[in-house]
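Values below: all heavy atoms of this structure, side chains included; hydrogens, waters and symmetry mates excluded.
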Amino acid sequence: MASMCSRCLSQSEPSSPSSPSSPPSQKQHKEPFMVSGSPSGSPEVLQRFSSRFSIRFSSRMSGAALGIEVVVVFFLALFLLHRYGDFRKQQRMVLFGTLLAWYLCFLIVFILPLDVSTTIYNQCKVDHKDQDLGPTLSPPPANYTAANSSATPTKSDFTSCYKPWSYIPDGILPVFWRVVYWTSQCLTWLLLPFMQSYARSGGFSITGKIKTALIENAIYYGTYLLIFGSLLIYVAVHPELHLSWYELQTIGITAANTWGLFLLVLLMGYGLVEIPRSYWNASRHGHLLIKTYFKASKLMTEKADAEENLEDVMEEVRKVSESIKYNHPLRKYIDTILRKCPLDYQEKMGRNMDDYEDFDDKQNTYPSEKTLVKLHKQVIYAVQRHNRTRVQWQILLQQAIHLEDVAKNETSSTHQFVHSFPSSEPAGWFSRYIYTPSVEWYWECLLKRWFYRLLSVVLTLFSVAVVWSECTFFSTRPVLSLFAVFIQLAERDYNYLYIEMACFITIFFLCTCVYSTVFRIRVFNYYYLASHHQTDAYSLQFSGMLFCRLTPPLCLNFLGLIHMDSAISHQKKEPTAYTSIMGSMQVLYFIANGFYIYYPMLIVILTIATYFSLGTRCLNLLGFQQFMGDSEMTSDLIDEGKELIRREKRKRQRIEDGENRRREWKERYGNPREDFAARNRSSHEMKETSYSDSVTSNTRQAKYSRSGSRAERDCIELLQDAEPLDFNADSLADDALETESTRHAGGRYLSMSSSRNRIFDDV
C-alpha cells in the first residue's frame, strides 16, 4: 500500500510546477481522491468537479471572512468613538485621527487569528513537501495521532492538509500588515502628538495653533531622536553588524516595541486582577451600593470644584469683554471666546455690554493677544469639565437609585420589580412582552449575581493561565505555555476553526485587560476617558496614541505565548506574515534574548501587588482618597454620599409630585388657558359679524371670565411655583452649597427641570 501511494505521489508531482499560478491547495484537494484508488470514469469526473468547487468556495469564503472583519471592526471603532466622543461639537480632525488609530489597532487584533491559521496551513504544505522528498517508508511525523496512522497513514496525512475556510492567498497579508503597522506608527509618533497640541491650543488662527503645537512637541520629538540616535550608534559601532536600511527599520521597530512592552506589562498586570474582581464585586449588591455612595461624594466635590472654576473663568471673561469694546482690534477674539461659553453666561454678558461706547487707549489697559489665547484655552477646559461632571452626576445618581431599588425588591414576596421613579417614556414591546417586571425581578435580584460570579471565576482561570504562560513561554521542550499546548493540539488535526477561535478568545482577553485599564486610568484630569460623549479632544487622541503603541507588542507577546514567533521560540517554522514585517530581532541581541523573554515575568509581582491593593493603599497614604473598606475617611465619604443621594431623591420626588398634581388638575378641570384663548377667538369672530352684539358679548364675557376664572388662575400660578424645600438643619447645611447660578426660572433647579425626558438627552 505504501509503494502504491508513493507511485501515485510520483505521478502527481510534475503537475504542480507546470501551473504555478494555480492555487497551492489544488494538489491537496486532488491527492486524497487519487490515493483512495477510485477508478477512472464518471466518479473521477465528479471528484474533480467537487475539488474545483471546494477550491472556489474556500477562496470566496476567505475573501468574505477578511472583508466582513474589516467592515465589522470599522463599525466597532465608530461605535466606541460615538460613545466617548461628540460628533457635533468636536473637530473633524480630532475625530478622524482617533477613529483611524482605533480602527487600525482593532484590525490587528481581529485579523491576526486568520494569519495564524494561514501560517499553519503553509507549514503543513512545507512538511508534506519534505515528506515527498524523503524516503518512501519513513515513519509518520510525531504530530499525527496513532488513530490516524494505524490504517492508512498516507491518506490521513494528506486529507488533513485542506485549506482553512478563512485562507488568505500569499502576498496579501504582508502588504496588509505593512500598511496597517506603518500607518499606525506614523500616527502615534508623529501626527497624533501634533494634532493633540493643535486641538488643545487656545490660538485664534491656524497659524497660531500650528506654532503652539510645534513648540510644545519640540522636547517630545527631541527625546525620540536621542533614543533612536543612541541605538543607531550602537549598531554602527558593533563590528558584526552592517548598517543598512533593513537594520535601521528593525531598530525603529524594536525601539517602539520595547517602549510598548514596558507599558504593556504594567497595564496588563493591573487588568488581569481587577477585571475578575470587578465582576465578583458587582455580584455583591451591598458592596456595590456602598462604593456608589463613595463615588457620589467624590463626584459632588469635583462637580462643585468645576462649577467654581467655571465661575472664576467666566468672571475673567466678563471683565475682558467689558474692557474691550466693539470697535477694538481684539474684539473678534473676544467674540470667539464668548461663543465657547455656556448660553446663560452669553446672555448675561450681552445684556451688560454697551456696544455704543468707544474704546480709549489712553485711559484703559487692555490685555494682550497672548493673554486672550490663554483665556481661550481656560474657557474650553472649564466648560468641558463642567459639562462632564454634570452629566456624570446624573448617571451616577441613576445608578444609585437603581441599586437602592434592587436592595428593596430583594425582600419582595410578589416577585415583581418596582421602581422608585418609573420612566415617563412609554414602555416598548421588549418591556411589555419579554422583560416584564417579573423577569426583571428574577434577573436583578437572583440570576444576575450568579452570572457575574460564574463569569468572574472563568476570567480568573484565564488570568492564571496568562500569568503562567508569561513566565514559561520561552520553554519549547517541554512546552509549558498553556496556550501553546492548546494550539499545538488543534494543529495536529488541523482544526482551523478551533485554532482561530482559541487565538481570538486569547488575544481578545489580553486586549480587554490592557484596553480596559487604558479606559479606566485617570491622571489628575489631564487624561480621562469619560463615556456618554464627555471625553475631550486631548484624551481621545492620547488614547489613540496608547492603542497604537500597545497593540503591536501585545500581538508579538501573544505570538510568543503560542510559540509562533521564531525569534523567541527559536524553532524553524514558517513565520507569520505579521512577524515577517517586524524583521529579525537578532539585530539587537540583548533585547531579543533578554528583555523580551524575562521582562514579562514581572507580571507576577504586579498581579500580587494589585491583588493586595498596594497601589490603592499608597495613593490613600499620599492623600488621594481611595475606596478602602477599613478606612475612617472612606466611612465618612460613604455617609456623605448617602445623604447626597437621599437629598437628590427628595428633590426628584417633589418634582414628580408637582407634575402629578398638575396632571390631575388638567384631567379634572381641563386647561383654563386654552379655554380662555378659545373664548377670545370666538369673541373676535362675533366682533366681525356685528359691532353692537360684540360689545355686549365682550362685556358679558369679560365680566364672567374675570369673575369665574380668577380662582382657576390662582390655582395654576400656585402649581407652577416650586415645591418648598425641607428647612431642617441637615438640609439647610446641604442646600447652602447650591449657588444662585444653578437656579432656574420658577424656583426649580436647572439639573432637575420638570421635564425628566431632557435629563439624558446628551447621553
| remark: Closest heavy-atom pair, Cys555 versus Ile108, reported as atoms and distance to 0.1 Å, is SG-CG2, 3.3 Å
| query | Going through the distances and angles, do Tyr515 and Thr551 end up as a side-chain hydrogen bond (donor to acceptor under 3.5 Å, both in side chains)? | reply | CA-CA 9 Å; Tyr515 292 166; Thr551 304; 2.5 Å; yes
| Does the pair Asp305/Arg385 count as a salt bridge with the N-to-O cut at 4.0 Å? | yes
| query | Of all heavy-atom pairs between Glu216 and Lys377, which one has the smallest distance, and what is that distance? | reply | OE2-NZ, 4.1 Å
Report, one line per pair, each donor and acceptor closer than 3.5 Å where one atom sits in a side chain of residues 201-215; sequence neighbours left out.
residue, atom, partner, partner atom, Å
Ser201, OG, Gly203, N, 3.2
Ser205, OG, Gly208, N, 3.2
Thr212, OG1, Gly208, O, 2.9

| query | Is it true that Glu322 and Arg318 make a salt bridge, defined as a side-chain N closer than 4.0 Å to a carboxylate O? | reply | yes
| note | Closest non-hydrogen atoms of Pro552 and Gln185, given as atom of the first, atom of the second and distance, are CG-NE2, 3.7 Å
| task | Give a yes or no on whether a salt bridge exists between Asp335 and Arg339, defined as a side-chain N under 4.0 angstrom from a carboxylate O. | result | no
| Side-chain touch Phe74/Leu99, heavy atoms, less than 4.5 angstrom | yes
| task | Kindly give the heavy-atom pair with the smallest separation between Ser321 and Leu338, and that separation in Å. | result | OG-CD1, 4.1 Å
| field | Minimum side-chain heavy-atom gap Leu263-Trp259 below 4.5 Å | value | yes
| task | Report the C-alpha separation of Lys649 and Glu404 in whole Å, then their side-chain angles, then the decisive distance to 0.1 Å, and conclude whether the salt bridge (Lys or Arg N to Asp or Glu O under 4.0 Å) test is met. | result | CA-CA 11 Å; Lys649 287 179 66 177; Glu404 290 181 349; 2.8 Å; yes
| field | Minimum side-chain heavy-atom gap His328-Ile334 below 4.5 Å | value | no
| Which atoms form the tightest heavy-atom contact between Leu81 and Thr98, and what is the distance? | CD1-CG2, 3.9 Å
| Parallel under 30°, tilted from 30 to 60°, perpendicular over 60°: which one fits the rings of Phe542 and Tyr538? | parallel
| task | Output yes when Arg652 and Glu648 qualify as a salt bridge under the 4.0 Å nitrogen-oxygen rule, no when they do not. | result | no
| said: Under the criterion salt bridge (Lys or Arg N to Asp or Glu O under 4.0 Å), I'd like the reasoning laid out for Lys319 against Glu316: C-alpha separation, chi angles, the key distance, then a yes or no. | reply: CA-CA 5 Å; Lys319 293 179 180 178; Glu316 294 182 8; over 6 Å; no
| request: Could you tell me whether Phe519 and Phe547 have their ring centroids closer than 6.0 angstrom? | output: yes
